[in-house]
Protein chains: 2
Amino acid sequence: MATIKDVARQAGVAISTVSAVLNRSAPVSQDVIDRVQAAIAKTGYTPHAAARSLRSGRSRLIGLVVPNIANPHFAMVAREVENVCLRAGYTSMVYSSGQDPRRESQVLTMMRVQRVAGLILIPTRSDAGHGAALIDQINVPTVLLDMQVEGLPFDVVKSDNAAAGRLAAEHLIGLGHKHIGMIVGIPGLATSDDRQLGFTQALAQNGLACDRSWIGRGEFDMEQARTAAKKVLYAAPRPTALVAVSNMTTLGVLLAARDLGLAVPRDLSVVGIDDFEMAALMDPQPTVVSTPVREMARASIERLLDIVDKKNAAPQANRIFEPALIVRSSTSRPPA
Amino acid sequence: MATIKDVARQAGVAISTVSAVLNRSAPVSQDVIDRVQAAIAKTGYTPHAAARSLRSGRSRLIGLVVPNIANPHFAMVAREVENVCLRAGYTSMVYSSGQDPRRESQVLTMMRVQRVAGLILIPTRSDAGHGAALIDQINVPTVLLDMQVEGLPFDVVKSDNAAAGRLAAEHLIGLGHKHIGMIVGIPGLATSDDRQLGFTQALAQNGLACDRSWIGRGEFDMEQARTAAKKVLYAAPRPTALVAVSNMTTLGVLLAARDLGLAVPRDLSVVGIDDFEMAALMDPQPTVVSTPVREMARASIERLLDIVDKKNAAPQANRIFEPALIVRSSTSRPPA
DNA sequence: TTTCGTAGTCGAAACGTTTCGTATATTGCA
DNA sequence: TGCAATATACGAAACGTTTCGACTACGAAA
């Protein structure tokens, strides 16, 4: 492949001059600019990112770590990040942590090997212990997406998760449900914990108790949520409504209801947190607390690039987005 | 950050010896190995991918270009590729072409700048003209996924698209439909063309004509497919069944039917090509010709790594996977 | 006319590795 | 005991850039 040296020879100028043209880093006469550009075209020169980043110490690579790229929710995040990066002359690099701290660590190492200039991280845990583990694995500007991690001093872009849980519960309470359960995710993960907290608070404020057996642990996975929901639905008395902590959880709950021959919403109301692109074509069409995924993704990458480009490196207040209830057909008044 | 130099100093050996330990590229005594490893642990050394790839001329980066990472179908592909790469010590880099040749070209340039060691490409067009344009943009081992491109000498991993179209049509014919239309994608794109070809052949073999007004162009996009399908469904006589060329197209068709107040499958049967993970929770549950996405993705990355690692660089016969019909509730006999 | 500042260009060093030829120590064998 | 062969370790060059100090012209100010 042609190198900057070939371009320089072809244009009859010094290597450093070509570099100056390429980076607009020093004044160059129009004549030379033209010759260099002609030489670039003629040689088919493509800059060598590795050489560039080795010498300059800056990589123009952005790492994105999501729980699972195959989950449409996170795929959407990846798409937004990709778009912003491409426009800004950065290259993004997406990897899945699989919600597993060990794999997360492996992925972070890879990101370090690649010397990414910045990181957007959806963490696998949010407790202080995990924060302590993460802190010496991360040595670049980072924005946390979806939740805070205790002990990590990075900017956070998230939605108001407690509000989401509250909204879901209040909707069901408003419909007259008294026996409301929830399928949560992984304890120690703020998205799950906060949503559960809001849920519990809403129940308490309305004088409702939540039986322990009505809380199931679904691990953000469809099949696990399905199993957990079935267990909850075997409880006596059986809850008449269930809140699902995430999109995959919602699918699991819906399948569990079907497994048990329960009609939604007649026998069981379900409200999910996080919306589905295909909601209109689902059966039932899920009532959902939706979160502005794209806006959040965009906010996080834009904030990150600001920091990386030194436009505004000072840590800022967390960006917190408001969730919104979307009522569809998976909820109704409880059976008489 | 610690460099190999720091490790060498700490271990009291030469830089080249550390390198030999790191890469097992020369015999080193056990004593030295131990000292080097201790030094690595102590200094927290992380290799510098850019320096490594600059010097060695090999990057251990794999590029993946898909139409749209936000489409769950392609997100699944990305996930498989990611997994295989991680296990093999490679790093993958996913980008979306947006089905737009200009953006595809931009993405390919980026991949060249990054000096990827190999490429998995789902092309935006498959005609000879596009092949000619691509050939001088690609200078690394490449595997084409989903379809061939005329004039490109690369290995191909795809499904039997004509068979998919045939399967879809034959299912509808078997149910007794006489008026069958199809919403296709972009002409000049083999996935679409071949599926349409199989579809047309099946009709012809069964003595059925396909009115031109029953073919709509949906561009692999939900909204465009919706519009195209509505137009087709305004035709007189209106088709009693529609085949949709892709997953997004199927969604568009289903929405179009709903827009026009047509019940599926009572008033209109629909069979899609490519399955949905959430099929069980859809209304109607789509009858579909499914394609082994994950297996294809895995086959393509494994083949690519074989080539890149020089294990087997000779071009091989295309890998062609067989599609399968999955009958659900979006198809039935035509209205009397 | 001299001096100074500035636009334009150049050359060489440096970034962190790998690679390869060379040097040294150790072993096996005559 | 001596010598070839082998096993280890080393040093320096090179990969393709960016960066920075130095040099040359030339026009403006004194």
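Numbers restart at 1 for each chain; the letters A, B, ... are given by sequence-line order, proteins then strands.
Atom-to-atom distance recorded for B:Leu64:CG and B:Ile69:CD1 is 7.0 Å, nearest 0.5 angstrom. Between the CG atom of B:Leu61 and the CE atom of B:Met111 there is a distance of 9.5 Å, given to the nearest 0.5 Å. To the nearest 0.5 Å, atom CZ of residue A:Phe220 and atom OG1 of residue A:Thr124 are 11.0 Å apart. Here the CZ atom belonging to B:Arg102 is positioned 9.0 Å from the CD atom belonging to B:Gln106, to the nearest 0.5 angstrom.
Rounded to an integer number of Å, the gap from CD of A:Gln30 to P of C:dA7 is 16 Å. Here the C1' atom of nucleotide C:dT9 and the CZ atom of A:Arg35 are 11 Å apart, to the nearest Å.
Counting heavy-atom neighbours within 6.0 Å of A:Arg319 CZ, excluding the residue itself, gives a total of 12 or less.
When heavy atoms are screened at a 4.0 angstrom cut-off, B:Thr3 is found touching the sugar-phosphate backbone but no base atom. Within 4.0 Å of B:Ile15, counting heavy atoms only, lies at least one base atom of the nucleic acid.
For DNA chain D, the span of nucleotides reached by chain B at under 4.0 Å from its heavy atoms goes, 5' to 3', from D:dT8 to D:dG16.
With DNA chain C read from its 5' end, the first of the two nearest nucleotides for A:Leu54 and A:Asp31 is the one closest to A:Asp31.
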Expected rows: protein N/O vs nucleotides 23-26 of chain C N/O, under 3.5 Å:
none

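Residue pairs satisfying the salt bridge (Lys or Arg N to Asp or Glu O under 4.0 Å) criterion with at least one member in residues 27-41 of chain B, sequence neighbours excluded, are listed as follows: B:Asp31-B:Arg35. Within the structure, side-chain hydrogen bond (donor to acceptor under 3.5 Å, both in side chains) pairs that include any residue of residues 10-24 of chain A comprise A:Ser19-A:Asn23 (at least two apart or interchain).
Closest of all the heavy-atom pairs between B:Met93 and A:Ser92 is CG-O, 4.2 Å.
The end-to-end axis angle of the helix from C:dT1-D:dA30 to C:dA30-D:dT1, rounded to 10 degrees and based on five pairs per end, is 50°.
Between A:Val84 and A:Arg298 the shortest side-chain heavy-atom distance falls below 4.5 Å. Between A:Asp155 and A:Ile307, some side-chain heavy-atom pair lies under the 4.5 Å cut-off. You'll find the side chain of A:Arg79 reaches within 4.5 Å of the side chain of B:Ser96, heavy atoms only.
With 3.5 Å as the limit, one finds no donor-acceptor pair spanning the side chains of B:His48 and B:Thr3.
At a non-hydrogen distance threshold of 4.0 Å, A:Tyr45, A:Thr46, A:Pro47, A:His48, A:Ala51, A:Arg52 from residues 40-52 of chain A come into contact with DNA chain D.
Here the options are B:Ile15, B:Val18, B:Val21, the test is side chain to side chain contact (heavy atoms under 4.5 Å, CB included), and the partner is B:Val7; only B:Val18 passes.
Applying the 3.5 Å distance criterion, the base of C:dG8 shares no donor-acceptor pair with the side chain of A:Ser29.
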